[in-house]
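Computed from a predicted model, the values in this text were never measured in an experiment.
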Amino acid sequence: MNVLNNQYAEYLTALNYPSVPTLFLDLEAFQKNSQWIKENALGKKIRIATKSIRSRHVLKTILDSDKVFQGLMTYDIREAIWLRDLGFKDILMGYPTMDVLGIRELLKNPLGITLMVDLPEHLDILEREAIIAGKKVTVCIDIDLSMNLPGLRFGVYRSAINSVERMKTFLKKLKSCHHLKLIGVMGYEAQIAGVMDKESLLMRTLKTLSLNQLKERRKSIVQLILSDGHALEFINGGGTGSLKETCQEEVVTEVTVGSGFFAPVLFDHYKDFTLTPSLLFTLPIVRHPEKSIFTCFGGGYIASGSTDKIKQPTPYLPEGMSLLKHEGAGEVQTPFRYNGPLNLVPGDSIILRHAKSGEICERFPDIVIIDKGLEKTRVPTYRGEGKNFV
């Protein structure tokens, strides 16, 4: 057998030949990715994106592994409170919230959690509830770093604050909110971090153009905030896909990373770096309708975002597996074509990778951690702990 098919046999042995869909983490590959992230941090702090991990045990493993990893970026206020109460520190909400009940729960003890804002409405609801609770809330402003071209928005629709002028207006509103304290700025360059460019010269060209303008925009907005009298504790940027570029910006103090630890399929399509697949899952073969066709139980774990072929799970091991174009990944069963050398039979399992990162954890109650070919432990996902935030 070749190297990958040897790895296939080793994984199944470590998992004791699972008969049900099983999510597992290759600890050695995971640590290799962590090392790459650490080496490219250039002295910046790395904040962990929880939506890309979705297991508090894995989050703790990352944070305990090196001092470069500090703090969390959560996606839901209830999640932030839960993690804070479990002992996690320095939590930044990556997205604004209009969850009044969640805000009221936070205001019972707002310490350790910073909320994201980018609209006057966000300030209004937080100031109103903070006044009622008699507490103060720390906030971070999300700025837009997308690049608008004629007929094209190169980036995503997030914050409305895309210029110094709009930031001036927002800061004027913030001055009237005496229960809110501004301590951070975030700018996510999605068009750099989240756009695949390996097969596209056009995308690489657009990224270069966008990098030049976003650096200047971020710098000028930060300078405005500082000149307005605010003492910023952090300036957050980036993602796995822009780690190398964002860490080079002098004004940035920290970069958020999540998907890079698991290395999902989408990161196979970036030109400037290569990661090692570490989070994978098995599906058991339950049917064999034709000589080269095998049908597995489960599999329809489709990634979020624009709908296209690459958002389906990708067959990984054994080599030679492929989805059927006219069926794809199904709700409860998925057929595959296999033309490799192994003698697969019902009862065997195949191994796949998810297109994105932590989303797959919403499908499994736990993650089996494999270390050097042996099962080391099982840890629960958010779902396994009964947590469903979004």
Side-chain angles (χ1 to χ4, degrees), residues 45 47-51 70-145 157-188 218 220-237 253-254 256 387-390:
K45 164 184 165 181
R47 187 180 292 273
I48 313 305
T50 62
K51 77 177 183 64
Q70 299 179 45
L72 302 177
M73 178 180 285
T74 59
Y75 57 93
D76 181 78
I77 192 167
R78 295 163 297 154
E79 175 204 19
I81 296 168
W82 176 61
L83 291 171
R84 191 272 313 274
D85 291 348
L86 287 171
F88 289 90
K89 302 181 184 303
D90 186 9
I91 297 174
L92 170 65
M93 277 279 292
Y95 309 84
T97 182
M98 300 296 285
D99 179 356
V100 177
L101 295 180
I103 292 169
R104 289 174 181 172
E105 183 65 26
L106 172 67
L107 285 168
K108 294 176 182 177
N109 175 18
L111 295 178
I113 298 175
T114 297
L115 299 183
M116 193 65 66
V117 294
D118 60 49
L119 285 175
E121 290 86 346
H122 300 150
L123 301 180
D124 287 338
I125 189 173
L126 293 179
E127 178 71 3
R128 183 192 72 211
E129 295 301 327
I131 290 172
I132 294 171
K135 300 288 179 62
K136 287 198 173 185
V137 180
T138 57
V139 298
C140 172
I141 300 177
D142 186 358
I143 60 175
D144 175 64
L145 295 177
Y157 289 98
R158 292 170 63 103
S159 171
I161 303 174
N162 59 5
S163 66
V164 168
E165 290 69 27
R166 289 194 175 187
M167 179 57 81
K168 286 180 180 178
T169 302
F170 193 78
L171 290 176
K172 184 177 180 180
K173 169 72 174 180
L174 182 61
K175 283 184 182 296
S176 67
C177 301
H178 303 295
H179 289 71
L180 307 184
K181 181 182 179 181
L182 175 61
I183 66 168
V185 175
M186 184 190 83
Y188 176 50
R218 176 158 30 215
S220 60
I221 288 178
V222 168
Q223 288 174 340
L224 170 65
I225 294 171
L226 294 174
S227 66
D228 199 49
H230 300 278
L232 296 177
E233 296 179 12
F234 63 87
I235 299 161
N236 180 283
T253 64
E254 63 176 45
T256 299
K387 302 298 179 181
N388 178 24
F389 299 111
V390 66

#### Entry: Pair Arg158 + Asp118: basic N to acidic O under 4.0 Å
no
### Message
Using a 3.5 Å distance criterion without hydrogens, assess whether the side chain of Arg218 forms a donor-acceptor pair with backbone atoms of Ile143.
### Response
no
### Query
Do the side chains of Ile141 and Met167 get nearer than 4.5 Å, heavy atoms only?
yes
### Task
Keeping the roles fixed (side chain from Lys45, backbone from Thr253), state whether a donor-acceptor pair exists under 3.5 Å.
no
### Message
Pair Lys51, Val390 - check side chain to side chain contact (heavy atoms under 4.5 Å, CB included), show working.
### Response
CA-CA 10 Å; Lys51 77 177 183 64; Val390 66; over 6 Å; no
#### Entry: Interatomic spacing from CZ in Phe170 to CG in Leu182 - rounded to 0.5 Å
8.5 Å
#### Entry: CG-OH distance between Leu145 and Tyr188, expressed to the nearest 0.5 angstrom
11.0 Å
#### Entry: Flag, side chain of Glu233 to backbone of Gly184, donor-acceptor distance under 3.5 Å
no
### Query
Say you draw a straight line from CG of Leu106 to CG of Leu115; how long is it, rounded to the nearest 0.5 Å?
5.5 Å
### Message
I'd like to check Lys181 versus His230 (side-chain heavy atoms, cut-off strictly below 4.5 Å). Are they in contact?
### Response
no
### Query
Is Thr138 reaching over with its side chain to a backbone N or O of Ile113, donor-acceptor style, under 3.5 angstrom?
yes
### Query
So Phe234 and Leu92, side chain to side chain contact (heavy atoms under 4.5 Å, CB included) or not? Walk me through it.
CA-CA 11 Å; Phe234 63 87; Leu92 170 65; 3.8 Å; yes
#### Entry: Inter-residue atom distance Leu180.CG - Lys175.NZ, 0.5 Å rounding
13.5 Å
### Task
Output yes when a side-chain donor or acceptor of Thr256 lies under 3.5 Å from a complementary backbone atom of Ile48, and no otherwise.
no
#### Entry: Electrostatic pair Asp76-Lys387, nearest N-O below 4.0 angstrom
no
### Query
Within the side chain of Arg84, is there an N or O that forms a donor-acceptor pair under 3.5 Å with the backbone of Leu111?
yes
#### Entry: Distance, nearest 0.5 Å, that separates OG1 of Thr97 from CE of Met116
12.0 Å
### Query
Rounded to the nearest 0.5 Å, how far does OG1 of Thr74 lie from CZ of Phe389?
9.0 Å
